[in-house]
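Notes to accompany the following structure.
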Protein chains: 2
Amino acid sequence: MSGRSDIKGDKPARSTLRDVALLAGVSEISVSRVMRDAPNISDKLRDKVMAAANSLSYTPNRVAGALKNQSSNLVAVVLPSMSNEVFPSVLDGIESILNDQGLHAVLGLSEYDRDRELKVIRELLSWSPMGIILTGLHHLDPIPGMIAQLDIPVVQIMDIEGAPIGSAVGISHSAAAIAAADYLHGRGYRKIGYIGAWSEKPQRSKARRRAFEARLQALGCPLVASLISEDRSSAMVGAQTTAALRQQHPEIDCIFYANDDLALGGLFHALAAGIDVPGELGLLGFNGIDIGKATPIPLSSIETPRFEMGREAARLLLSSRESGNVIKDLSFKISDGKTA
Amino acid sequence: MSGRSDIKGDKPARSTLRDVALLAGVSEISVSRVMRDAPNISDKLRDKVMAAANSLSYTPNRVAGALKNQSSNLVAVVLPSMSNEVFPSVLDGIESILNDQGLHAVLGLSEYDRDRELKVIRELLSWSPMGIILTGLHHLDPIPGMIAQLDIPVVQIMDIEGAPIGSAVGISHSAAAIAAADYLHGRGYRKIGYIGAWSEKPQRSKARRRAFEARLQALGCPLVASLISEDRSSAMVGAQTTAALRQQHPEIDCIFYANDDLALGGLFHALAAGIDVPGELGLLGFNGIDIGKATPIPLSSIETPRFEMGREAARLLLSSRESGNVIKDLSFKISDGKTA
DNA sequence: GTCAATATTGGTAACGTTGTCATTCAATTG
DNA sequence: CAATTGAATGACAACGTTACCAATATTGAC
């Protein structure tokens with residue numbers, strides 16, 4: 001009955017256009033057209049084809065389609081990691097737009113390693129995706145050329161300060177750092193510390209710390225100290241580094257953290273140690289994650305639009321044919337927490 | 001110089017095996033073999049080809065390769081959602097195995113909707129993935145048949161109680177619920193409540209609650225009440241529902257939560273309201289997320305191996321040719337928190 | 001120096017789909 | 001009623017790769 005399966009007489013095998021066409025007694029191209037809802041198809045033909053297709057439970061082979069078309073419904077998405085809440089949210093935002101269009105993300109993780117990123121991008125590009133989303137603005141040299149060869153749209157997320165390959169969606173991290181410095185200074189804090197983690201692998205956090213430091217300097221109250229853990233960010237590390245930093249520099253009256261996981265750890269440490277927050281110690285996080293809104297003292301934080309960043313990136317990708325390259329500043333806001 | 005680009009004289013166009021072969025003065029097959037590291041290639045040939053390939057910055061077209069080979073290096077991964085920490089961890093585990101093998105996940109989100117899941121699976125299968133990872137054991141009728149047609153391995157994650165299509169990796173949710181009931185009962189709690197969220201969309205949480213209820217009944221201290229919020233899980237919802245449940249049933253001395261986000265919310269509520277934990281109120285979460293280890297009172301929770309589940313799923317997928325279908329119980333453990 | 005065995009290369013034909021260009025046939029027009 | 005149009009279908013040739021089967025070099029054995 002179904003072509004190839006006779007030859008060897010075993011597996012049901014995947015049915016093809018040809019099988020459907022044979023069964024329906026029409027040409028392959030007609031089946032193709034019906035499957036794709038092409039115009040100028042008679043109801044009679046459509047019915048015949050659909051019946052045959054259903055009885056064979058035919059699924060179009062998009063690999064073949066993509067080869068012929070030179071384009072697919074895949075979108076390459078390259079993120080550094082999945083292990084904090086930032087990138088899953090971004091990915092969620094991306095998927096929320098893509099899935100409605102019948103598009104799908106092919107995922108690659110760089111683990112903050114440039115060479116690995118290059119390898120992953122090369123592999124993903126070999127699938128002729130219809131677009132690619134990258135994290136950050138700094139990439140190895142050959143990458144823009146590789147993308148140009150496919151002539152597909154690129155959107156870079158997270159950062160907008162630099163020279164994007166195509167479009168970019170994100171926030172200004174230096175502006176966020178300046179806002180943080182101004183905010184804390186405005187609240188009366190004068191002995192400010194900084195805590196980061198994971199050796200600042202994302203260059204964005206390094207940029208943020210530097211801008212923060214510079215701004216404090218300009219405000220006349222230079223950063224007292226910063227402590228960058230080698231470990232990955234976590235609440236536990238946040239608690240430990242907070243204790244350590246306060247021991248080394250008892251005069252510190254406020255800490256700005258690289259992210260909310262660390263800041264929550266700081267808050268938990270303070271709660272457990274009976275430190276008065278925000279009086280004795282002010283705490284300011286970064287990202288504005290959900291949990292921080294429910295803590296006994298709600299966490300003050302720089303809220304970043306992570307989900308929206310993903311959505312916007314996907315939207316820009318889809319519209320880039322018309323709108324060309326765009327740089328979109330989604331901006332941040334300082335949440336109304338009570339820890340600073 | 002590069003074939004197609006002459007015709008119209010515009011885009012650099014993507015170079016192909018043919019372009020490389022022409023430039024290197026060898027056959028297309030030879031280029032193909034060099035690119036794939038096939039055996040029996042002379043150094044001279046390899047060098048010529050590599051030089052040509054580099055100068056054209058050639059990237060193999062895997063769409064064509066997959067069509068010819070009838071199989072790709074893509075793995076379809078269908079998850080319900082990205083919006084709590086569970087599935088990102090699982091995905092992280094999956095990718096940690098896949099990426100080292102040059103494989104890539106194509107993602108589909110079902111949003112806990114069966115029909116949507118079917119649609120997504122159909123689309124992903126049309127890419128001839130080399131395997132597919134699904135969430136849970138309950139799927140719409142046509143799905144097993146669709147997968148069988150491609151003759152690729154399937155791994156279902158999260159749950160192991162039921163009839164898997166292929167392999168399954170997860171934990172026994174009823175066993176976890178029983179362990180929770182026994183643990184709380186053993187700690188002396190007798191007026192136990194339950195809090196869930198999002199209308200229990202994941203059937204796993206429903207199964208867990210039922211088993212929990214049944215066990216408490218058997219232990220002679222029936223569940224006092226359960227409160228299932230319609231909202232998605234979050235610490236905020238956990239705090240609110242905890243307050244609400246205690247108001248409705250002041251006798252409750254302990255609450256088992258559907259997940260740690262809710263439980264953390266409960267803990268924060270208790271801390272803010274000055275409720276003595278675990279004396280006046282015991283709290284037990286589910287999943288064992290990182291943050292819970294750093295709270296002023298570390299959260300007691302049923303720890304589930306989410307990352308490991310992803311890793312194991314990917315491993316099973318890769319080894320299924322030899323090992324066949326396997327059901328793997330990764331088991332859970334009750335964390336040594338201090339809230340129950 | 002001859003012959004078999006092996007290492008190295010190439011030619012050809014698919015894989016399943018769709019764009020381009022026919023072709024058929026019914027409907028419309030003057 | 002012939003001529004013209006347009007709708008509906010089909011034939012054929014790609015898309016870029018790789019499996020399969022030659023064909024040609026190279027090596028070693030006797």
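Here is how names work: the chains are called A, B, and so on, in the same order as the sequence lines, proteins then strands, and each is numbered from 1.
Side-chain contact check for Leu103(A) versus Leu318(A): some heavy-atom pair is nearer than 4.5 Å. Considering only heavy atoms from C-beta on, Met158(A) comes within 4.5 Å of Phe87(A) through its side chain. His104(B) has its side chain out of reach of Leu98(B): every pair of non-hydrogen atoms, C-beta onward, lies at least 4.5 Å apart.
Counting to the nearest Å, the C1' atom of dG16(C) and the CG atom of Leu125(B) are 17 Å from each other. Rounded to an integer number of Å, the gap from CG of Asp19(A) to C1' of dT17(C) is 13 Å. One can place CD of Gln70(A) at 10 Å from P of dT17(D), the figure rounded to the nearest angstrom. Here dG10(D) presents its C1' atom at 14 Å from CZ of Arg18(A), a figure rounded to the nearest Å. If you take CG of Asn73(A) and P of dT18(C), they are 12 Å apart, rounded to a whole angstrom. dA14(C) atom P lies 14 Å from atom CG of Leu67(B), rounded to whole Å. Rounded to whole angstrom, the span from the CE atom of Met35(A) across to the P atom of dG16(C) amounts to 15 Å. Atom CG of Asn61(A) and atom P of dC15(C) are 12 Å apart (whole Å).
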**Request:** Assign a letter to each nucleotide of nucleotides 8-13 of chain C from its 5' end: B, base within under 4.0 Å of a protein heavy atom; S, sugar-phosphate only; -, no contact.
**Result:** BBBBB-

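Residues passing the side-chain hydrogen bond (donor to acceptor under 3.5 Å, both in side chains) test with Arg62(A) are Ser126(B), sequence neighbours excluded.
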**Request:** Determine, step by step, whether Ile165(B) and Leu134(B) satisfy the side-chain contact (heavy atoms from CB on, under 4.5 Å) criterion, reporting the C-alpha distance in whole Å, the side-chain angles of both residues, the deciding distance to 0.1 Å, and the verdict.
**Result:** CA-CA 10 Å; Ile165(B) 303 175; Leu134(B) 301 176; 4.2 Å; yes

**Item:** side-chain contact (heavy atoms from CB on, under 4.5 Å) between Leu317(A) and Val75(A), worked out
**Value:** CA-CA 9 Å; Leu317(A) 208 63; Val75(A) 172; 3.4 Å; yes

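The side chain of Arg36(A) contributes an N or O atom lying less than 4.0 Å from OP1 or OP2 of dG19(C). Remark: Asn69(A) is not in phosphate contact with dC15(D), judged by side-chain N or O atoms under 4.0 Å from OP1 or OP2. Distances shorter than 4.0 Å separate none of the side-chain N or O atoms of Tyr58(A) from OP1 or OP2 on dG16(C).
Using modelled atom types, no side-chain atom of Asp151(B) and backbone atom of Ala148(B) make a donor-acceptor pair closer than 3.5 Å. Proximity of a side-chain donor or acceptor of Asn54(A) to a complementary backbone N or O of Ala51(A) within less than 3.5 Å is not detected. A distance-only check finds no donor-acceptor pair linking the side chain of Ser30(B) to the backbone of Val26(B) [under 3.5 Å].
One end of the helix from dG1(C)-dC30(D) to dG30(C)-dC1(D) points its axis 40° away from the other end's axis, with each axis taken from 5 pairs and the angle rounded to 10°.
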